[in-house]
There are 2 protein chains.
Amino acid sequence: MEKIEDCFCFLLGKTFHKVSQKGKERLSNFGITPVQFTILHLLWEKEGQKSIDIAKRLHLDGSTITPILDRLVQNGLIERRHDPKDRRINLIYLTEKGKELETPLNNTMDEVNHSVIEGFDEEEIKVFKKMLTKLGLNQEN
Amino acid sequence: MEKIEDCFCFLLGKTFHKVSQKGKERLSNFGITPVQFTILHLLWEKEGQKSIDIAKRLHLDGSTITPILDRLVQNGLIERRHDPKDRRINLIYLTEKGKELETPLNNTMDEVNHSVIEGFDEEEIKVFKKMLTKLGLNQEN
DNA sequence: CACAAATTATTGGTGCACCAATAATTTGTG
DNA sequence: CACAAATTATTGGTGCACCAATAATTTGTG
């Protein structure tokens, strides 16, 4: 590998980073971050999830989730409730404010997603997604 | 967007993350991280670079570079030298230890790169890289 | 030439991400 | 049933990444 720019891993990282910055920018108007959006998205789908299940679904370490949930609680978007049946578990629920953000945040992220893949046609996106998925699976172990 | 997994940004992030973990794992045997490798790589190409030029080349914020260079100095791989012509500037040089790592580290990362794209043929990689580059350029404002 | 503007590197603050260890609790096996 | 093993969430430590502000120095313009 002559130049670092020719390194596939480097290229992938830089592309991801640029895309991610775009999401950050738009979401910052709502005072949240991309990863916080993904958590809210799971909760709009189904409330009362365990933090460990959220972590697994998002492929994040359990210890990564804790401070992110803290910030969502602090911003009044979610709340932790003890599971009455198992005292180890915190179930995560949306607040009213968290529920209200569903439509505006989804609209915003739809826009971001569109602008990100602007200039690609349907078929290209499909191939691209397939490649990303295949590449990801390649790394499992 | 029904499920978060269908979000293109999310998929890209997760794929990058998995790939990046593979690099981390292998490089940890040398006590360095992927971003530290990229900096060393630039220095093997040309010593005595300004930190701001390293940052630009790697698309990193200047303030991100400082602590990474600190750690490389601490691990005895590089050293900062004052530019005699401009006292604002620190020029970054490799130590002997930093130079010695060129071959083993490059070999290691070549292996990682190969294992990452295993199962893809030449043509697919070319298309993939082109798409990543195009997508990246798409984000530049 | 003086002094505002630009450049360079750093500091301080925030927010992910990991791993290893811990505490509280529940599960499951002898 | 007792108690080791498993589960859940958290804490503490490390390492990127950003932005805004700062300090030191150099450049460039009136």
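Below, chains carry the letters A, B, ... as their sequence lines are ordered, and counting in each starts from 1.
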According to the Watson-Crick and G-U wobble definitions, with both distances under 3.5 Å, which nucleotide is paired to D/dC16?
C/dG15
Under 4.0 Å, heavy atoms only, any strand: does A/T33 hit a base, just the sugar-phosphate, or nothing?
sugar-phosphate
Is the shortest distance from a Lys or Arg side-chain nitrogen in A/E79 or A/K97 to a carboxylate oxygen in the other one below 4.0 Å?
no
Under 4.0 Å, counting only non-hydrogen atoms across every strand here, what does A/L60 touch: a base, just sugar-phosphate, or nothing?
sugar-phosphate
Roughly how many Å is it from CG in A/L58 to P in C/dA17, rounded to a whole number?
9 Å
Using a 4.0 Å heavy-atom cut-off across all strands, classify A/H59 as base, sugar-phosphate, or nothing.
sugar-phosphate
5'-most by nearest nucleotide on DNA chain D - A/D86 or B/Q36:
A/D86
Checking all strands, does B/I68 fall into the base, sugar-phosphate, or nothing category for heavy-atom contacts under 4.0 angstrom?
sugar-phosphate
Using a cut-off of less than 4.0 Å, is there contact between a side-chain N or O of B/T64 and OP1 or OP2 of D/dC18?
yes
Out of D/dA9, C/dT11, D/dA24, which nucleotide sits closest to the side chain of B/T66?
C/dT11
Is B/S63 near enough to D/dC18 that one of its side-chain N or O atoms lies under 4.0 angstrom from OP1 or OP2?
no
Is any side-chain N or O of B/R80 closer than 4.0 Å to OP1 or OP2 of C/dT8?
no
Atom pair distance, as rounded to whole Å: NZ in A/K14 and C1' in D/dC18:
12 Å
In whole angstrom, what separates A/I39's CD1 from C/dG15's C1'?
12 Å
Between A/D70 and A/R80, is the closest basic N to carboxylate O distance under 4.0 Å?
yes
Re C/dT10: Watson-Crick or G-U wobble partner, both distances kept under 3.5 Å, found to be D/dA21
Any carboxylate oxygen within less than 4.0 angstrom of a Lys/Arg side-chain nitrogen, looking at A/D86 and A/R88?
yes
Base, sugar-phosphate, or nothing for A/N90, non-hydrogen atoms under 4.0 angstrom?
sugar-phosphate
Nearest-angstrom distance from the residue atom NZ of B/K56 to P of D/dA17:
19 Å
Between atom NZ in A/K85 and atom C1' in C/dT27, what is the gap in whole Å?
17 Å
Establish, with yes or no, whether the OP1 or OP2 oxygen of D/dT25 is under 4.0 angstrom from a side-chain nitrogen or oxygen of B/R87.
yes
NZ/NE/NH1/NH2 to OD/OE distance under 4.0 Å, B/E124 and B/K129:
no
Using the ring of B/F120 (Phe, Tyr or Trp, six-membered ring only), decide whether A/K134 places NZ or CZ under 6.0 Å from its centre and within 45 degrees of its axis.
yes
D/dA9 phosphate, OP1 or OP2: any side-chain N/O from A/S51 under 4.0 angstrom?
yes
To the nearest Å, how far apart are A/K50 NZ and C/dT25 C1'?
13 Å
With a 3.5 Å limit on both atom pairs, tell me what C/dG30 is paired to, counting Watson-Crick and G-U wobble, or say none.
D/dC1
Short side-chain N/O contact from A/R71 to OP1 or OP2 of C/dC16, under 4.0 Å:
yes
Do A/F37 and A/F30 have ring centroids that are under 6.0 Å from one another?
no
In terms of the nearest nucleotide of DNA chain D, which residue is placed more toward the 5' end: A/G62 or A/K24?
A/G62
Report the distance from atom CG of A/D61 to atom C1' of D/dG12, rounded to the nearest whole Å.
13 Å
To the nearest angstrom, how far is B/E25 atom CD from C/dA17 atom C1'?
15 Å
